[in-house]
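Values below: every heavy atom of this structure, side chains too, minus hydrogens, waters and symmetry copies.
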Amino acid sequence: MTPSYVLRPVTLKDLDQLKALTEQMTSALASLPNVKKLLKSRIELSVRSFKKNVTHPSREYYLFVLEDIVNRKIIGTSGLNARVGGQNFFFAYKIQKEAFCYLPLKISKYVDVLHFQKIKKGPSELCSLYLRNEFRKQGLGSLLSLGRYFFINAFQQRFATQIVADLKGVRDEKGNSPFWETIGKFFFSTSLATADTMKSFGHKAFIRALMPKHPIYTALLPKETQMVIGEVASDTKPALHILEKRGFKKSEWVDIFDAGPYLIAKRNEIKIIQNMKSVKVDGFIEPSNKTKGQEYLIANDLLDFRACIGTVISSNGKVQIDSDVAEVLKIKIGDVISFAK
């Protein structure tokens, strides 16, 4: 069967649909605010990044959309920041333990301390992930999320050797963060949502100017605040578990605004990348043999990137795919594809 969905780079023609998609988000993405002018700037940055001749990662941003091919409808997004930091730095709190000891009284205590970090050349970042609720089935979530790793693997010079994911910290039903209410709001005259959006769009001079620079001893914070440091919001727990299964681990960093954890992995240790095969297409599957193949995530290795779910037959070192898959991926016999379970 012809693939019904394709993951591809966003274009300016998607602006209205992207705007409609952000209006459906029950939990807003800082990188994709529901403001048409800002969304347009994100699309334009992504288009420039795909066209740019890149030898090492910098401030590129790649935004992908998942399209329902039959209905020509955008149903999800996922993105990549080539590098966090760079010209505007990457800011985070680093959790470190500090020892307090007095041997004559046999007192020994360790306290977690938050140190404000300014990182010049950080890792690459997963971002902008959203899929409409009614499509969270049929493996589409995997296509949307995992498809990005095919692009990373095909164009390694565009990304850092480490990949990070900033997960949303604990918030209540109104979107309030205990960490922000204890610290952030006393130094910024904006809401948490506004500060998040400004940070996501690279406007970071305000963080450098306003964020407290001295270490914060967590023992001095309210218990409610201490308990959320490095923890995720309830609706983000599935994402945490999925990333951990893919090879990501919690780092020493937490978000400066809501104290959500940064998960990190070396690029070559991410399981989907380890399991990927990149090969030339030897031919198309004959109609009578289609039942002999298995379903995989398949992607072309082009800057005009495409990924979908489709059938692959791999035998005796030769690979065949469905002709309809080739059409969706915009490839022909002899071209290179990557595929993985």
Side-chain angles (χ1 to χ4, degrees), residues 1-22 24 29 32 39 42-43 46-47 49-51 61-80 126-155 158 272-273 275-281 284-285 290 293-313 319-341:
M1 293 179 63
T2 302
S4 301
Y5 304 92
V6 63
L7 185 70
R8 61 169 175 78
V10 72
T11 71
L12 277 171
K13 293 180 180 179
D14 300 318
L15 177 57
D16 288 338
Q17 286 206 52
L18 194 60
K19 176 66 168 60
L21 195 67
T22 61
Q24 296 181 349
L29 294 177
L32 294 176
L39 285 175
R42 296 306 268 173
I43 294 174
S46 178
V47 170
S49 298
F50 276 102
K51 291 181 178 180
Y61 169 69
Y62 305 95
L63 181 61
F64 305 92
V65 292
L66 185 61
E67 182 182 8
D68 177 343
I69 299 172
V70 176
N71 299 303
R72 296 187 177 181
K73 189 172 184 177
I74 304 302
I75 62 170
T77 64
S78 62
L80 294 164
L126 305 173
C127 61
S128 308
L129 181 64
Y130 176 75
L131 179 62
R132 285 177 54 179
N133 283 332
E134 62 268 35
F135 291 95
R136 293 178 184 180
K137 54 186 179 180
Q138 308 170 47
L140 295 180
S142 293
L143 172 58
L144 184 62
S145 177
L146 295 176
R148 297 177 288 188
Y149 298 109
F150 286 87
F151 187 77
I152 291 172
N153 192 54
F155 299 97
R158 291 176 175 261
I272 184 71
I273 291 179
N275 294 332
M276 243 174 245
K277 294 181 180 179
S278 294
V279 295
K280 286 185 178 180
V281 176
F284 297 140
I285 301 172
K290 288 188 178 183
Q294 293 184 324
E295 280 198 337
Y296 292 87
L297 293 177
I298 314 172
N300 64 23
D301 282 9
L302 305 173
L303 279 173
D304 185 15
F305 182 76
R306 298 290 187 277
C308 67
I309 299 172
T311 303
V312 174
I313 294 179
V319 169
Q320 294 180 332
I321 62 173
D322 196 294
S323 59
D324 291 333
V325 170
E327 184 178 347
V328 168
L329 297 181
K330 295 188 174 182
I331 60 169
K332 60 186 183 300
I333 293 175
D335 288 342
V336 174
I337 63 164
S338 295
F339 66 96
K341 280 288 185 68

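Nearest approach of D14 to P9, heavy atoms of both residues: OD2-O, 4.4 Å.
Counting heavy atoms from C-beta outward, L144 and F135 have side chains that stay 4.5 Å or more apart. Contact of the Y130 side chain with the R132 side chain is registered, since non-hydrogen atoms from C-beta on lie closer than 4.5 Å. Between I298 and I309 there is no side-chain heavy-atom pair separated by less than 4.5 Å. Looking at heavy atoms from C-beta onward, L63 lies in side-chain contact with L32 at the 4.5 angstrom threshold. The shortest side-chain heavy-atom distance between Y5 and V328 does not fall under the 4.5 Å cut-off. Contact of the D304 side chain with the K330 side chain is registered, since non-hydrogen atoms from C-beta on lie closer than 4.5 Å.
Of the residues V336, I331, D335, the one that meets the side-chain contact (heavy atoms from CB on, under 4.5 Å) test with V281 is I331. Remark: of the listed residues R8, K73, R72, R8 is the sole one forming a side-chain hydrogen bond (donor to acceptor under 3.5 Å, both in side chains) with E67.
Without hydrogens or angle criteria, R136 side chain to L131 main chain gives a donor-acceptor distance under 3.5 Å. Here the side chain of R158 pairs no donor or acceptor atom with the backbone of F151 at under 3.5 angstrom. Remark: side-chain polar atoms of N300 are paired, donor with acceptor, to backbone N or O of L329 under 3.5 angstrom. Remark: side-chain polar atoms of R148 are paired, donor with acceptor, to backbone N or O of G79 under 3.5 angstrom.
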| query | Run the side chain to side chain contact (heavy atoms under 4.5 Å, CB included) check on F284 and V325 step by step: do they pass? | reply | CA-CA 9 Å; F284 297 140; V325 170; over 6 Å; no
| task | Output, in order, the C-alpha distance, side-chain angles, deciding distance and verdict of side chain to side chain contact (heavy atoms under 4.5 Å, CB included) for Y149 and L80. | result | CA-CA 10 Å; Y149 298 109; L80 294 164; over 6 Å; no
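Both cation-pi conditions hold for R42 and Y61: the charged atom is under 6.0 angstrom from the six-membered ring centre and inside a 45 degree cone around its axis.
Atom CD1 of I321 and atom CD1 of I337 lie 5.0 Å apart (nearest 0.5 Å). Note that OG1 of T77 and CG of L7 are 10.0 Å apart. Values are rounded to the nearest 0.5 Å. In this structure, OG in S338 is found 11.5 Å from CG in L297, a value given to the nearest 0.5 Å. Atom CG of L129 and atom CG of L66 lie 10.5 Å apart (nearest 0.5 Å).
Taking the six-membered ring for Trp and the full ring otherwise, the centers of F305 and Y62 sit at least 6.0 Å from each other.
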